[in-house]
2 protein chains.
Amino acid sequence: MVAVANSTAAILIQKLSGAGGLSDAEQDGLRGLPVAVRTVAARQDILRDGDATGSCCILLDGWTCCYQMLNGGRRPILAIHVPGDLPDLQSLHLPEPDFGMVALTPATLGFVPHAAVRRLMEAFPNLAAAFWREALILAAIQRAWMAGLSRRDARGRLAHLCCELYLRLSSTGRTDGPAMPMPLRQHDLADALGLTPVHVNRTLKDLRDAGLISLHGRRLEILDWLGLRLAAEFDDQYLHLNSAEHAFA
Amino acid sequence: MVAVANSTAAILIQKLSGAGGLSDAEQDGLRGLPVAVRTVAARQDILRDGDATGSCCILLDGWTCCYQMLNGGRRPILAIHVPGDLPDLQSLHLPEPDFGMVALTPATLGFVPHAAVRRLMEAFPNLAAAFWREALILAAIQRAWMAGLSRRDARGRLAHLCCELYLRLSSTGRTDGPAMPMPLRQHDLADALGLTPVHVNRTLKDLRDAGLISLHGRRLEILDWLGLRLAAEFDDQYLHLNSAEHAFA
DNA sequence: CGCTGGCTTGATAAAGTTCAAACGGGGTGG
DNA sequence: CCACCCCGTTTGAACTTTATCAAGCCAGCG
């Protein structure tokens, strides 16, 4: 366990800098956090439902997701995380997680002990607010998913997820023009969208045939942003992105 | 706007007392909060999507819910709140709500200015943690709903909601043995469960015929707790209730 | 070159939706 | 006090979306 490495600190500082930015002291506080960096292979569990860890993590590289296991092998995916996300801030105050977390790609995570985070938050109310803000944005994303699961059809859900992931990824500079990596297999998409893999396949074909996206070899390209937004009834406000800078803005 | 009235303080203190309880200073801090109490009629909007309020609220009496409006009159319900809940802590750090909030029954709410809450949280880290905890429990409830919307059928979703609401209400002492008030109309249930009202009706009949519940005149009685839990695959851990005391425990 | 994991397609079934109509009960006005 | 009305509930029948089951395909890799 070493003090946050340069790159890690940079990611954390970028993530937590809101409109006002962070003071030097706050940035130093973040740089001083003890962190254990861990690399996991794709499909490997990071956190299992029920085991308390004593630290919370920041996703430094790769994608992860949270899921819940139900009887019969059903495995709803509750959240997808991209680099910079803080997926389990909740462990700070609810030590027993009600979900599991698994890597969707090879991933690198930084684990910071709860005690250190708590100290930091008490010393810097502004940082505490920034952490809150991150947690609340993830909750807002959850709400958007709920609304989709509840009241959108397969097409709308899939289109919405594409829009969301594109913008979230774009804000970390990991898109490539209108294209982005798409590590989720159709089976994962199905678990995230509340559909069957077969139906995801058909719905993807539907969006492809409509000229909205193309998806080949783990690469998703958005061919018609406006059309996709329309199909998704997508409004990016809930993501609370600092910069609305992306290829279509 | 007056200092928190006795009953309001009591509700807040009860809600925020975790395992360790609260110190006298912390309790006094809560009692000193300025609060504007407001009563709203059933079906009346409390918060409209997009309007910032500058204060966050505690539900003192009655039921409310949060929803999102989509095109075509679709109105997914994202959360149901019962007395004692703090439905919009998120407004502290994300001033523009991404949802609306409406009363399901005549309801009484206390509104506390953000500034006062922030001061309190900075002065008492223990209270800050308690507020966090509440917000995180509501997020856990959201996750449970998501899992249901994603991977449970109508019967499982409805049964799960009954279990959840019964326990949440029970923890506030508002159940009556195996029975509880059930102010949601079938139309509301449909919006909460991602179904049509017609199908909710049929699913209710299904649970009734199975001898699990009875529902008449806004009163829900649980006839077979074990059977209902089984139908719902219900595990109450995610609710993080202090006391597991209820009629069936 | 043959396996394996994931993708694609087809046929059939089930769960849930839609449309439509009737029912019921509590509250109001005549 | 009765009749009516309104809102929510209940039921029926036809229809759509999505699930299920099953087989074939394709590409990367040992």
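Below, read A as the first sequence line, B as the second, and so on, with proteins coming before strands; counting in each chain starts at 1. The shown structure was predicted, so the numbers you read here are calculated from the model rather than taken from an experiment.
- Each of L195(A) and R185(B) lies near DNA chain D, and the nucleotide nearest R185(B) is the one positioned closer to the 5' end.
- One atom, CG of L204(B), and another, P of dT9(D), lie 9 Å apart when rounded to the nearest Å.
- The listed nucleotides are dT9(D), dG6(C), dT18(C); the one nearest the side chain of R218(B) is dT9(D).
- Rounded to an integer number of Å, the gap from NE2 of H199(B) to C1' of dA14(D) is 16 Å.
- Using a 4.0 Å cut-off, no side-chain N or O of N201(A) falls inside it from OP1 or OP2 of dC7(C).
- The overall bend of the helix from dT8(C)-dA23(D) to dG30(C)-dC1(D), read as the angle between its terminal helix axes built from five base pairs each, is 30° when rounded to 10 degrees.
- Here D61(B) pairs with R174(B) in a salt bridge; the nearest charged N to carboxylate O distance falls below 4.0 Å.
- Side-chain atoms of D153(B) lie closest to dG16(C) of the nucleotides dT11(D), dG16(C), dT18(D).
- Proximity of R208(A) to the phosphate of dC7(C): no side-chain N or O atom is located under 4.0 Å from OP1 or OP2.
- Within the structure, every side-chain polar atom (N or O) of Q186(B) is placed at least 4.0 Å from both OP1 and OP2 of dC7(D).
- Here R43(A) lies out of heavy-atom contact (under 4.0 Å) with every strand.
- Atom NE2 in H187(B) sits roughly 17 Å away from atom C1' in dT10(D) (whole-Å rounding).
- Taking only distance into account, the side chain of R202(B) meets the base of dG12(D) through a donor-acceptor pair shorter than 3.5 Å.
- Atom CG of L149(A) is separated from atom P of dA15(C) by 20 Å (rounded to the nearest Å).
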Quiz prompt | side chain to side chain contact (heavy atoms under 4.5 Å, CB included) evaluation trace for L215(A) with Q186(A) | solution = CA-CA 11 Å; L215(A) 174 56; Q186(A) 294 184 1; 5.7 Å; no
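- The side chain of V198(B) approaches dC19(C) more closely than any other nucleotide in the set dT20(D), dC7(C), dC19(C).
- For R185(B), the side chain to side chain donor-acceptor pair (under 3.5 Å) partners at least two apart in sequence or on another chain are D188(B).
- Atom CG in L193(B) sits about 10 Å away from atom P in dT17(C), given to the nearest Å.
- Relative orientation of the W225(B) and F248(B) rings is parallel, given thresholds of 30° and 60° on the angle between their planes.
- The pair R74(B)-E233(A) counts as a salt bridge, with a side-chain nitrogen and a carboxylate oxygen less than 4.0 angstrom apart.
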Quiz item: Can you list the steps and then say if R219(B) with D176(B) is a side chain to side chain contact (heavy atoms under 4.5 Å, CB included)?
Solution: CA-CA 10 Å; R219(B) 182 183 156 92; D176(B) 171 17; 3.4 Å; yes
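- What separates CZ of R157(B) from P of dG16(C) is a distance of 7 Å, to the nearest Å.
- Comment: D85(A) engages K15(A) in a salt bridge, judged by a side-chain N to carboxylate O separation of less than 4.0 angstrom.
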